[in-house]
Structures are given as C-alpha cells and as structure tokens.
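For reference, the structure is listed below as structure tokens.
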Amino acid sequence: MKFLNVEIPVKNLPVLDPGFVPLGLFFQAYEKGATQPLCIAVERGGGQIGTWECKVYGTPEMKSADEYYVDRLVKFLLWSWGGFKVSICGSDALAAYVADAYRQGGSRAFDCDFMANVYERPFEVEALPYSQKPTAFQKSESVGRHLDGARIGFDAGGSDRKVSAVIDGETIYSEEVVWYPKTISDPNYHYQGILAALHTAAAKILEKGRKVDGIGVSSAGDFIDNRCMVASLFLKVSKEDFDAQVKNIYTRAAEELGRTLGYEIPVVVANDGDVSALAGAMGLKENGIMGIAMGTSEAVGFVDRSGNICGWLNELAFAPVDGQPDAMRDEWSGDIGCGVKYFSQDAVIKLAPRAGIELKGSAPAEKLKEVQALMAEGDERARQVYESIGVYLGHALGQYAMFYDINRTQMMGRVMSGRGGDIILEVATKVMDEEYPNVRFRPEAPDEMTRRVGQSAAAASLPKRL
C-alpha cells in the first residue's frame, strides 16, 4: 500500500478493516529513504530524559510525510515514557509543527494538558540544533518481589476491588467486592471502600498473630511518589476534590490503618499495568515482560530485563497504532488510531456490526458478551471479529518491539477469554511470523503459575518492610 508517498509492504490486513495502516510498518518503510538526522528528546520527572534517534527527509515533496512521522513518533514516545518537555533537535520547521500541535487549541491539546497535570509542570516544546541534543538519562528501580512478612495487596479496578492478605509469600485470604468508582463523584465513597478492604485484610493477618508489614496498591492511573496524578477510576470527582482528597488517597488510607493498629505501615502504589507485568515476571520467573490487558481499555505494563520498573507511563491505550485517516476516534483524547479502539471491548463493538452482528446490549460489557457467546457457538461472523483483532495485535506488537526490549508478552483481560482469545493469539503469531520475523517474542496467555500469583498478591510484594 502507498501512504503519504511511502510504499508500505503489508501482507496481512484485518478482513473487517481493510483500510488499516500498520504504523510500525509505516515507520520502517519511511525510515529507509530518510537521510536528515533528527533527535527527539522527552524529559520527565527526576531529570530523566529519553532520546530517540531517527532521520527525516526534509524535502518539499515529503513534507507531509515528515510531519506525520514526527507527530506520531512524539505521540507514541509521550504515552510510552511520559514527559513534560519535548525537544526536537535538527529541524526548526518540524519543531514549530509539533509546538503548534501541543498548545491550547492545537490538535494535541489533550495530550499537552494531560502531561502537564501528571508532572505538575507546564508542557513545552523546544527547537534545538542536532549538535545540542540532550544526553539521555533514564533510570529504573527495583520494585516488588518482597515476599517476607505479612502483607496486604490491594487491586483497584473499574468494576470491582480486590484485596489479599499474604504471609511469607502465601495468600491466606482474598476477596473481590463490586464497586462503582467511575460513576461516583464523592471521593469519600472511594476512600471508605479502600479503607474497608485494608481493614478486612489486616484482620485476617492479625488473626494469625502477625502484624501488617506492608501495603501494596495496584491501581489504574498514573502515580508519582505514591501520589495519584491522573486516574480514570475517579473520573467523576471534581478537580478540587481530586487535588485535595484523591492524590494521596491510598497513602491516607494506609496511614489511618496504621494509626488504628498503632504503628507505621510502609506503602507503595503502582500502576496496575506494571503490577500485571510484575505478576507475570514473578510467575514466569523471567524478566523483560510486557503485560497487556484487553478489557475496558488497553492496560500495559513493563518489567525490564533487570526485573525493574522503568517509571514510564506505558499508557499505550493512547499511543497510535493505525495510520488510516478515517480510523476510529477515541472520545476521551479526541485522537484517532490509538490502541484503546483496537485492544479493548471497544474493538469488538466497533468490528461486530461490520461482520453483520447486530448488538442488542446497552452496556459495552453486555455487547462483548454477545460476541463471545456467538464465538462459543462457532459463529463465523464472530470469528472474523477476533481474527481482525489478531491482525491488529500482531502489527502492534511488532511496533511495540521497536520501543521496548521485550522478552515475553502476556495477554490478559476479558477480550482474551474463551475461544476468541485463542484466535487472537493464533492470528497475531502468524502476522508476526510473516511481517516481523526478527522480533523474538510471540504473544502468549499467562500459564497457571502466572495466574496463581494474582495481581493483588503481586501488589502485596511491592513495599519493603521497615
């Protein structure tokens, strides 16, 4: 296929979305003819700077391709690494193009505001000569795998909350409680739910004659120093209440439990995607693990080859994977072609009507169940839905491998359940074999040992004992 004057060799396209433009293959094809050096630097908290070396054309006939390439690359790096400052080194024209996008009223205004809120710094874009490009400085930290002592692991999900009591690496108690965090505006509802879960697990530990040695929290959202900077769980909470009561909601709950018990309890809060990857690493006893959960959204986490968390956002739900101009738009960010519409229940709902399936449910989860039921009956239309998602996934994993040093990837979530999940894995593997043969890993579902670790149990291993 030809896209923006770039010939992209594509062997596999989704049967229900033939206009799909695999962004990873576009990157590779575009780069083959580019000669002008460019460096994109992204700065985030702690003075950390990620740099990405690439090349552009810098010619009039390739102007649109240059702009699109840099726009998508900056977008991907921001939602992968996170950051509040982007330096475009080697092209003033492309720096001006990016700066115009990342401003109030610009095409990337959402991204600009989001990153500013996460890092509590104004977002900025600067132009630098290539010779003055920043020096990369990235650090990772060891997190989790602390199995000694009596611990509480809390996992905050969008439809239920889970808590586990873990003693010396063995889960002695676990429970799931349905709650509705995304629809409740009162932050006290969330706080009391969290506190109740911690008290329940603490009681089980005390019954064993032990003290609570640590609390680990796995939660959707972005966290810096245990503070919740942005989280969809608290979508309805006002900004004023969020700043006053939600940013420190987990540490407040831990402190209150500590006051009740009469001693300080260490607490660590981490993104649920990273904790999923940690659970996979602990279960597999390997590192370099990317965990991808396809459910309400696309949740991604990564444990590097040293077994550490990189401190990256890993919010690949909002990172682009499709270049077609009429790709489905994400309602939240306003951008098109991003992972949330390809690796979540939204993808199933998007593709089902194209396969001739009339969905009758009112809620997204109900619509997903309709397609899953059809797949269980061997419906060919449902098979096409899952085959198309498999093609998406194979191409996206090839793209992700450009930015992450992945050893193994673990596919999880409601969309991956049942026969449909098997088809996704089969098709994605075929796509990677044919289109990305140099990528070492292939998608896989967690084995029994990995499942046994559990996300809330893995969360319990986050803090060190005092």
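Remember, it's a predicted structure, so these values are computed and weren't measured experimentally.
- No close placement of the Tyr30 and Phe3 rings is indicated, their centers lying 6.0 Å or farther apart.
- A donor-acceptor contact shorter than 3.5 Å links the side chain of Asn226 to the backbone of Val269.
- Ring geometry for Phe154 versus Tyr250: interplanar angle of 30 to 60°, hence tilted.
- In this structure, Val6 and Ile8 have side chains that are in contact, with non-hydrogen atoms separated by less than 4.5 Å.
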Exercise for the section: Please report the C-alpha distance between Asp335 and Lys75 in whole Å, then the side-chain angles of each, then the deciding distance to 0.1 Å, and finally whether the salt bridge (charged side-chain N to carboxylate O under 4.0 Å, His left out) criterion is met. Expected result: CA-CA 10 Å; Asp335 202 358; Lys75 173 94 173 184; 3.0 Å; yes

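- When all heavy atoms are compared, the tightest approach of Val385 to Ala355 is CG2-CB, 4.1 Å.
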Problem - side chain to side chain contact (heavy atoms under 4.5 Å, CB included) between Gln399 and Leu25, intermediate numbers included - result: CA-CA 8 Å; Gln399 177 183 330; Leu25 290 184; over 6 Å; no

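- Among all heavy-atom pairs drawn from Gly82 and Arg44, the shortest one is O-CB, 3.6 Å.
- Among residues two or more places apart in sequence or in another chain, the ring pair (Phe, Tyr, Trp, His ring centres under 6.0 Å) test is passed with Phe27 by Tyr69.
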Considering only distance and modelled atom types, tabulate donor-acceptor pairs under 3.5 Å from the side chains of residues 321-330, sequence neighbours left out.
from   : atom 1 : to     : atom 2 : distance (Å)
Asp322 : OD1    : Val21  : N      : 2.9
Asp322 : OD1    : Gln324 : N      : 3.0
Asp322 : OD2    : Gln324 : NE2    : 2.8
Asp322 : OD2    : Tyr342 : OH     : 2.5
Gln324 : NE2    : Asp17  : OD1    : 3.0
Gln324 : NE2    : Asp17  : OD2    : 3.2
Arg329 : NH1    : Gly334 : O      : 2.4
Asp330 : OD1    : Trp332 : N      : 3.3
Asp330 : OD2    : Ser333 : N      : 2.9
Asp330 : OD2    : Ser333 : OG     : 2.8

Problem - Glu366/Ser362 under side chain to side chain donor-acceptor pair (under 3.5 Å): CA gap, chis, key distance, verdict - result: CA-CA 7 Å; Glu366 295 172 352; Ser362 57; 3.3 Å; yes

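- With respect to the salt-bridge test (charged N to carboxylate O, under 4.0 angstrom), the residues Glu176 and Arg161 do not qualify.
- For the pairing with Leu94, the side chain to side chain contact (heavy atoms under 4.5 Å, CB included) check across Asp71, Val74, Val56 returns one residue only, Val56.
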Practice task
Show your working on side chain to side chain donor-acceptor pair (under 3.5 Å) between Arg442 and Thr409 and close with a plain yes or no.
Solution key: CA-CA 7 Å; Arg442 295 294 180 267; Thr409 184; over 6 Å; no

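- In this structure, Trp81 has its ring center at least 6.0 angstrom away from the ring center of Phe76.
- By the 4.0 Å N-to-carboxylate-O rule, Asp243 lies close enough to Lys239 to be salt-bridged with it.
- One N or O on the side chain of Glu435 and one on the backbone of Asn12 form a donor-acceptor pair closer than 3.5 Å.
- More than 12 heavy atoms of other shown residues, nucleotides or ligands fall within 6.0 angstrom of atom CD in Glu61.
- Taking every heavy atom of both residues into account, Thr51 and Pro134 meet most closely at CG2-O, 3.6 Å.
- Nearest heavy atoms, Leu359 versus Glu370: CA-OE1, 3.4 Å.
- Of all heavy-atom pairs spanning Val427 and Glu387, the tightest one is CG1-O, 3.5 Å.
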Exercise for the section: Verify salt bridge (charged side-chain N to carboxylate O under 4.0 Å, His left out) between Lys32 and Glu7, making sure each step is shown before the conclusion. Expected result: CA-CA 10 Å; Lys32 287 180 179 178; Glu7 193 64 46; over 6 Å; no

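- For the pair Asp113 and Arg108, the salt-bridge criterion is not met [side-chain N within less than 4.0 Å of a carboxylate O].
- Aromatic ring pairs are classed by plane angle as parallel below 30°, tilted from 30° to 60° and perpendicular above 60°; the pair Trp79 and Phe110 is parallel.
- Between Arg381 and Asp379, at least one side-chain N (NZ, or NE/NH1/NH2) sits under 4.0 Å from a carboxylate O, which counts as a salt bridge.
- Using a 4.0 Å cut-off between charged side-chain N and carboxylate O, Lys341 and Glu298 make no salt bridge.
- The side chain to side chain contact (heavy atoms under 4.5 Å, CB included) search around Arg103 returns Asp100, not counting sequence neighbours.
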Practice task
Test Asp274 against Asn314 for side chain to side chain donor-acceptor pair (under 3.5 Å), laying out the working first.
Solution key: CA-CA 8 Å; Asp274 280 340; Asn314 295 320; 3.2 Å; yes

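- The environment of Lys63 atom NZ is sparse: at most 12 non-hydrogen atoms of other residues, nucleotides or ligands sit within 6.0 angstrom.
- Residues meeting the side chain to side chain contact (heavy atoms under 4.5 Å, CB included) test with Ser417, sequence neighbours left out: Gln372.
- Paired with Met290 under the rule side chain to side chain contact (heavy atoms under 4.5 Å, CB included), one option of Asn407, Val303, Ile406, Asp304 passes, and it is Ile406.
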Handout entry: salt bridge (charged side-chain N to carboxylate O under 4.0 Å, His left out) between Glu426 and Lys430, intermediate numbers included
Key = CA-CA 6 Å; Glu426 292 165 7; Lys430 173 180 175 292; over 6 Å; no

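- In terms of the side chain to side chain contact (heavy atoms under 4.5 Å, CB included) criterion, residue partners of Ser107 (sequence neighbours excluded) are, by chain and number, Ala101.
- Separation of the Tyr189 and Tyr180 ring centroids does not fall under the 6.0 Å cut-off.
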Using residues 121-132 as the side-chain source, report each donor-acceptor pair under 3.5 Å to any protein atom, sequence neighbours left out, with the distance given to one decimal.
from   : atom 1 : to     : atom 2 : distance (Å)
Glu126 : OE2    : Ser87  : OG     : 2.7
Tyr130 : OH     : Glu53  : OE1    : 2.7
Tyr130 : OH     : Lys133 : NZ     : 3.1

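- Residues Asp405 and Phe302 approach most closely at O-CZ, 3.4 Å, considering heavy atoms.
- A donor atom on one side chain and an acceptor atom on the other are found under 3.5 Å apart for Tyr404 and Ser80.
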